[in-house]
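To start, the structure itself, in structure tokens.
Proteins come first, then strands; the chains are lettered A, B, ... in the order of their sequence lines, and each starts at number 1.
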Amino acid sequence: MAQKPSIPKGTRDFNPEQVAKRTYIFNTIRNAFETFGFQPIETPSFENSETLMGKYGDEGDRLIFKILNSGDYLAKVDEHAYLQRDSLKLTSNISEKALRYDLTVPFARYVVQHQNEIEFPFKRYQIQPVWRADRPQKGRFREFYQCDADVVGSKSLWQEVEFIQLYDSVFSALKLEGVTIKINNRKILSGIAEVIGASDKLIDFTVALDKLDKIGEVKVKEEMLSKGISEEGISKLQPLFTLSGSFESQIASLKSILSASEEGTKGIEEVAFINEAISELGLNTATLQLDVTLARGLNYYTGAIFEVAAPKTVPMGSIGGGGRYDDLTGIFGLPNVSGVGISFGLDRIYLVLEELGLFPETVTKNIDVLFINFGEKEALFCLKAIKKLRSAGIRSELYPDADKMKKQMNHANKRAIPFVVLVGEEEVSSNSFTLKNMVSGEQFKVSFDGMLQHLK
RNA sequence: GUGGUUGUAGCUCAGUUGGUUAGAGCAUUGGUUUGUGGUACCAAGGGUCGCCGGUUCGAGCCCGGUCUUCCACCCCA
């Protein structure tokens, strides 16, 4: 037992069935991306540390996997930092590379680095694994796939409208109904902070507000107070806590709350514009919902913020997220390039589809027919037939050993192979095949053409 | 990173207040059946009880550490 090999926590092996199911999701998403006009790129699994560090906040830095320098990495460390056990300083000494934490920052780096080759607006998609040194939980892994689509070089709100349709399109294709696309706007949050006199505490304020549906109104207020937001300001928020009703009615009440804030009003107008367009265009299976408590990725989002919630029947964190970032490439030296994008969490979508039994039965690829092996002479006869079947597109194979029939039949059963072919001395001499249907148990002797007809 | 939780055969799990040689079902292998699978019956193989240490005459069981699982924080797909 002690010698039994294992894999690091938060990572997984995938068996053939799981790979087939994952491929099904990948293909569905990729198809939608391409239908919407996005082009694929790929970036390295690891980047220079300075590309990633400081882009996701302190919390994010902690969760980035650092790669130890090769060679005698201790030789070059700062003596003082080493003696002081200053991990932070030491890290930059002994590690110069880090595993990709998401796909957005590497994309921003890509855009800046290749700015002269790119035709803007640039619509790219990217499906690759990312790594986070997080503690695993259900639906949280340390290695998982993100499927991102982003547009850079356009400030048009039509992009936001397109992304909502893209979400709807993918989840409809996956037959996952009841998905909620939540939308908010950084400008609305800034506006609220402004109105309650807490502009300088925007992050603290939104982090607390974000927990509303989880810990409730009272605790949210407590947290805000403890972060130094005034009682008077919090009382101005009261209408926010009871905000409900249709998209339009929420917008109407927000308008009055935020009338004093120019930025907040701008945010409301944006959200209203998107909602009107979506109402006009319609969604197949998803629902668009305004959620002013939604506050993710504030380190770089500047406009729209998206988050996709799984159907309420499944306990699962968000299965997608995204937003607009007006100046992400600024940190890499290319200002004034606006971007907006969304991400699909493949691993979580998998868990949701599995739980709801939504994978089509056909996703698992299997062979169509197994030839039972009776011996050398028969095997060669079978392989000749198999060669012809394969060129006709029938997935077929010969059981490699002349084992007992029971064992070979069992093997066919275990693999749920629909047909077996039995060729013994008798069939060889009459140039025929005994084809057996493993589901019904029926079998009959046929010519090669007859067999081909049945298997097609 | 903080707090809690879990680990016994390939898989799912029993295992009494600490007491002989740690069990079951499923799976595997062989047989009843040498050209017919799924069903049934018979038999066999398979475990240093996650790992390291401690307490004890004696530990799967108690204690500490560690890894893993899941959960709540934090954060997030």
Side-chain angles (χ1 to χ4, degrees), chain A residues 1-12 25 29 56-64 87 100-104 127-148 167 203 206-208 210-211 214-215 219 223 294-299 306-310 315-323 341-352 370 372-375 378 399 402-428 434-445:
Chain A
M1 288 298 282
Q3 276 68 37
K4 202 185 261 185
S6 64
I7 55 176
K9 111 169 97 171
T11 65
R12 293 143 308 151
I25 303 175
I29 294 174
Y56 310 100
D58 291 344
E59 197 59 30
D61 283 357
R62 204 196 79 209
L63 296 175
I64 292 173
S87 301
R100 178 168 64 214
Y101 177 87
D102 73 354
L103 301 179
T104 307
I127 298 178
Q128 290 189 280
V130 302
W131 295 270
R132 294 183 188 179
D134 205 358
R135 284 231 184 148
Q137 278 178 43
K138 188 180 187 68
R140 298 181 81 158
F141 307 98
R142 300 212 291 182
E143 175 182 65
F144 62 97
Y145 269 77
Q146 285 193 332
C147 312
D148 275 28
Y167 266 140
I203 300 286
T206 51
V207 164
D210 188 58
K211 295 179 190 165
K214 214 168 177 181
I215 62 175
K219 295 224 164 147
E223 182 166 333
L294 179 62
R296 301 302 166 91
L298 281 179
N299 282 312
F306 300 115
E307 183 171 296
V308 182
M316 179 64 65
S318 65
I319 55 176
I342 59 171
S343 180
F344 291 82
L346 170 106
D347 299 86
R348 287 186 179 180
I349 293 171
Y350 182 104
L351 292 173
V352 171
L370 176 76
I372 301 294
N373 190 329
F374 280 85
E378 291 90 345
Y399 190 91
D403 284 341
K404 283 198 179 133
M405 181 102 80
K406 177 169 175 153
K407 188 167 180 184
Q408 301 194 43
M409 295 296 274
N410 253 327
H411 180 74
N413 253 348
K414 296 266 166 57
R415 288 178 58 191
I417 297 168
F419 288 96
V420 299
V421 171
L422 298 102
V423 173
E425 219 173 320
E426 191 190 320
E427 284 86 350
V428 172
T434 295
L435 181 66
K436 180 175 175 110
N437 182 322
M438 291 298 279
V439 180
S440 67
E442 295 173 312
Q443 66 178 57
F444 29 86
K445 205 182 265 191

By nearest atom, which of the nucleotides [options] is closest to the [X] side chain?
X         : options                   : result
Lys9(A)   : rC74(B), rU69(B), rG37(B) : rU69(B)
Lys138(A) : rG35(B), rC71(B), rA77(B) : rC71(B)
Asn413(A) : rC75(B), rA77(B), rG38(B) : rG38(B)
Arg348(A) : rC70(B), rA77(B), rG37(B) : rA77(B)
Gln137(A) : rA72(B), rC75(B), rG37(B) : rA72(B)
Asn410(A) : rC75(B), rA77(B), rG37(B) : rG37(B)
Arg140(A) : rC75(B), rA72(B), rA77(B) : rC75(B)
Thr434(A) : rG31(B), rU36(B), rC75(B) : rU36(B)
Lys406(A) : rU36(B), rA77(B), rG37(B) : rG37(B)

Check: Mind checking who rG25(B) pairs with, Watson-Crick or G-U wobble, both distances under 3.5 Å?
Finding: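 rG25(B) is paired with rC11(B).
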Note to self: Both distances below 3.5 Å, Watson-Crick or wobble geometry, any strand: find the nucleotide opposite rG37(B).
What the structure shows: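 Check on rG37(B): unpaired, no WC or wobble geometry under 3.5 Å.
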Check: With rounding to whole Å, what would you report as the distance between rU17(B) and rG3(B) at their P atoms?
Finding: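 So the two P atoms sit 31 Å from each other.
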Item checked: Nearest-angstrom distance, P atom, rG1(B) to rU66(B) ->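 Nearest-Å result for rG1(B) against rU66(B) at atom P: 11 Å.
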Next item on the list: Check whether any side-chain N or O of Lys414(A) sits under 4.0 Å from OP1 or OP2 of rU28(B), and answer yes or no.
Entry: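 Yes, within the criterion.
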Margin query: Considering every strand and a 4.0 Å limit on heavy-atom distances, what is the contact class for Phe344(A): base, sugar-phosphate, or nothing?
Written below: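 No contact.
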Next item on the list: Kindly indicate whether the side chain of Gln408(A) and the base of rU36(B) share any N or O donor-acceptor pair separated by less than 3.5 Å?
Entry: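 Per atom types, no contact qualifies.
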Next item on the list: Measure from CD on Glu425(A) to P on rU34(B) and round the result to the nearest Å.
Entry: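 Interatomic distance, CD of Glu425(A) to P of rU34(B): 18 Å.
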Checklist line | d(CZ, Arg135(A); C1', rC74(B)) in whole Å | finding: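 Taking atom C1' of rC74(B) as the reference, CZ of Arg135(A) is at 11 Å.
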Note to self: Whether Glu426(A) and Lys445(A) form a salt bridge (side-chain N of Lys/Arg under 4.0 Å from carboxylate O of Asp/Glu) is what I want to check.
What the structure shows: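 Yes, Lys445(A) and Glu426(A) are salt-bridged.
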Next item on the list: Give me the ring orientation class for Tyr101(A) and Tyr56(A): parallel if the planes are under 30° apart, tilted from 30 to 60°, perpendicular past 60°.
Entry: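 The arrangement is tilted - the two ring planes meet at 30° to 60°.
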